[in-house]
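Before any comments, here is the structure.
Numbers restart at 1 for each chain; the letters A, B, ... are given by sequence-line order, proteins then strands. Values below: all heavy atoms of this structure, side chains included; hydrogens, waters and symmetry mates excluded. Just so we're clear, the structure is a prediction, and the values are computed from it rather than from any experiment.
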2 protein chains.
Amino acid sequence: MIDKQSPIPIYHQLEEYIKQLIENGKLKPDEAIPSEREYSEQYQISRMTVRQALNNLVNDGYLYRQKGRGTFVNKQKVEQKLQGLTSFTEDMKERGMMPSSRLISFEIIPAEPQLARKLDIKENTPVYEIKRVRMADNLPMALETTYLPANLVKGLTEEIINKSLYQHIEEKLSLTIREATQQIEASIAKETEVNHLQVDSGSPVLLIVRTSFLEDGTPFELVKSAYRADRYKFVHTMQRAAK
Amino acid sequence: MIDKQSPIPIYHQLEEYIKQLIENGKLKPDEAIPSEREYSEQYQISRMTVRQALNNLVNDGYLYRQKGRGTFVNKQKVEQKLQGLTSFTEDMKERGMMPSSRLISFEIIPAEPQLARKLDIKENTPVYEIKRVRMADNLPMALETTYLPANLVKGLTEEIINKSLYQHIEEKLSLTIREATQQIEASIAKETEVNHLQVDSGSPVLLIVRTSFLEDGTPFELVKSAYRADRYKFVHTMQRAAK
DNA sequence: TGTGTTTAGATGTCTATACCAGTTGAAATA
DNA sequence: TATTTCAACTGGTATAGACATCTAAACACA
């Protein structure tokens, strides 16, 4: 279980070991794990090393401590950090619905000043503009416009868009999106939205503007969406850094 | 600077001291701070104690380390990670506005089934219900209702609420909120919202429902807010987990 | 000039020990 | 029987020292 000769730090080995037990369900929520001194004796490692492993797991939200009582397994899972960073497709699948799209327009346009600023490119640099109605279980859910700098994503075709834009980006172009900023606001559906989303005029919509960045911080895409408020709730989980 | 006789742990004193230097701008981004051994010798404390302080600051995002080189000050991003997890007060200050509140009602009520489920308590368990109009620069911004299990937060008074509920919770009751889930949706202002927020009927509002959890995963509070869509944008940054 | 090599100093890992401060349950006491 | 006391746990804080690993600059050599 613990290999002292391994180049992998002992605390990290213990960390992974306990993490596995939790993820396998062998350690259940609110169950106490062995005490620091027990780990220390069982594996013949110092208590401070055990503490280093446990501290990391506490920071990651796997465990919580209670002075005088012990260390316990936490309930929630750590995942879901990318909620909202995923594509519409993944988002809908997650919600158990069948996603689909209807392409409204697809063209290359010169970037307007505001767009150029957000994508950190020069004015009038060519960008792809993709307008789609996004549907879930064949019901209109959102009206979405995506802007991609043409130099970053060459040779985009209607076919690729209809298949899976994200898959193309990640697998074929091997680009990884690392970070995204979202702005969320409420509004009343405008005329195009009323038409494409098939809602009454005066209906509320949730506007989401997302800017994604690559590993090196380059802005990669800007997506503006208008969601039908009666069908869509945006959910996300945040963790506070440990004190 | 460091008082060994103080009941406050040394590592925590050092932590606060360095944090201050960063927030005052006396330590600038990407600047190296003194080495662990320097701190250790200067204040006559052990290196491990220094490391405990620095590790906490690294976890909180104030510092970053480079093996073989040193420990450096991070760019001020810490706030952003808790965006949406912070209180209305902090949120507005962050946006450069002056927050204030007007208490509408404050009472203890028995938890209804739905609320009881969300706070993971039994039906009819007493909970505090606090209704407030939240203002920024003296303009109504949101209508907010907070529910707190009475057994977790004993002895709440109007005075405490008007001063700083969060400060009371964190400092006096020494409870730490570790995680929160938010649901965000768009809607049209209802009558009470129209009245309290001073908007026209038919105006869009952003509804945010937040559930906060303590370190051990216990649900701690439920906050329902209706924000004026014309004044409030919800912004958040997400990072994708490394693959 | 350019390329290895040494070296000082940084963080990273780990040990062994000590005492403090909550928690709990069993033993001693009223 | 009911209560109090206390010992044996728990995690929290702190020390001192050892060796590993990495970085960057100084140095030596071809």
Length of the [atom1]-[atom2] vector between [X] and [N], whole Å:
X: B:Arg65; N: D:dT23; atom1: CZ; atom2: P; result: 15 Å
X: A:Glu38; N: D:dA8; atom1: CD; atom2: P; result: 17 Å
X: A:Glu36; N: D:dC9; atom1: CD; atom2: C1'; result: 13 Å
X: B:Asn56; N: D:dG12; atom1: CG; atom2: P; result: 12 Å
X: B:Arg51; N: D:dT13; atom1: CZ; atom2: P; result: 17 Å
X: B:Ile8; N: D:dG12; atom1: CD1; atom2: C1'; result: 15 Å

Exercise. Mind checking which nucleotides bracket the chain B contacts on DNA chain C, 5' to 3', with an atom under 4.0 Å from a heavy atom?
Worked result: C:dG9 to C:dC14
Seminar exercise, completed: Taken in chain and number order and not counting sequence neighbours, the residues that satisfy side chain to side chain contact (heavy atoms under 4.5 Å, CB included) with B:Gln114 are B:Arg117, B:Lys118
Exercise. Side chain to side chain contact (heavy atoms under 4.5 Å, CB included) with A:Ser225: which residues, sequence neighbours excluded?
Worked result: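 Partners of A:Ser225 by the side chain to side chain contact (heavy atoms under 4.5 Å, CB included) criterion, ordered by chain and then number, come out as A:Glu144, A:Val223, A:Tyr227.
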Identify each donor-acceptor pair in which a side-chain atom of residues 120-128 of chain A lies under 3.5 Å from a protein atom, sequence neighbours left out, and give them as a table.
unit_1   : atom_1 : unit_2   : atom_2 : d
A:Thr125 : OG1    : A:Lys122 : N      : 3.4
A:Thr125 : OG1    : A:Lys122 : O      : 2.5
A:Tyr128 : OH     : A:Gly155 : N      : 3.4
A:Tyr128 : OH     : A:Leu156 : N      : 3.1

Seminar exercise, completed: Comparing nearest nucleotides in DNA chain C, the 5'-proximal residue of the pair B:Ile33, A:Gly68 is B:Ile33
Taking only N/O atoms, report every protein-nucleotides 16-20 of chain D pair under 3.5 Å with atom names and distance.
none

Taking all atoms of both residues into account, what is the closest heavy-atom pair of [X] and [Y], and its distance?
X: B:Tyr11; Y: B:Thr49; answer: CB-O, 3.7 Å
X: B:Phe213; Y: B:Thr211; answer: CE1-O, 3.6 Å
X: A:Val73; Y: A:Tyr64; answer: O-CE2, 3.4 Å

Exercise. Hey, which of these two, B:His12 or A:Ser35, hits DNA chain D nearer its 5' end, going by closest nucleotide?
Worked result: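 By nearest-heavy-atom nucleotide position, the 5'-most residue is A:Ser35.
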For this session: Ignoring backbone atoms, test whether A:Arg69 places a side-chain nitrogen or oxygen under 4.0 Å from the OP1 or OP2 oxygen of D:dC9.
Result: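 No, because none of the side-chain N or O atoms of A:Arg69 sits under 4.0 Å from OP1 or OP2 of D:dC9.
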Polar pairs (N or O, both sides) under 3.5 Å between protein and nucleotides 4-6 of chain D?
none

For this session: Would you mind listing every salt bridge (charged side-chain N to carboxylate O under 4.0 Å, His left out) that reaches into residues 40-59 of chain B, with sequence neighbours excluded?
Result: B:Glu36-B:Arg47, B:Glu36-B:Arg51
Exercise. Can you list every salt bridge (charged side-chain N to carboxylate O under 4.0 Å, His left out) pair that touches residues 18-28 of chain A, not counting sequence neighbours?
Worked result: A:Glu16-A:Lys19
Exercise. The helix from C:dT1-D:dA30 to C:dA30-D:dT1: angle between its terminal axes, five pairs each, to 10°?
Worked result: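 The end-segment axes of the helix from C:dT1-D:dA30 to C:dA30-D:dT1 are tilted 10° relative to each other.
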For this session: Applying salt bridge (Lys or Arg N to Asp or Glu O under 4.0 Å), name anything that partners A:Lys233, two or more places apart in sequence or on another chain.
Result: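 A:Lys233 satisfies salt bridge (Lys or Arg N to Asp or Glu O under 4.0 Å) with B:Glu185 only.
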Problem set entry | Test item: B:Ile208 and B:Phe234 side chains (from C-beta on) under 4.5 Å apart, heavy atoms |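 When only atoms from C-beta onward are counted, B:Phe234 and B:Ile208 do touch, with a gap below 4.5 Å.
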Problem set entry | Expected output: side-chain B:Arg231 to main-chain B:Pro140 donor-acceptor under 3.5 Å | yes
Taking only distance into account, with no hydrogens and no angle test, what donor-acceptor pairs under 3.5 Å do side-chain atoms of residues 2-10 of chain B form with protein atoms, sequence neighbours excluded?
unit_1 : atom_1 : unit_2  : atom_2 : d
B:Asp3 : OD1    : B:Gln5  : N      : 2.9
B:Lys4 : NZ     : B:Gln44 : O      : 2.4
B:Ser6 : OG     : B:Ile8  : N      : 2.9

Exercise. Do other residues, nucleotides or ligands put more than 12 heavy atoms under 6.0 Å from the CD atom of B:Glu112?
Worked result: no
Seminar exercise, completed: Applying ring pair (Phe, Tyr, Trp, His ring centres under 6.0 Å) to B:Tyr43 and not counting sequence neighbours gives none
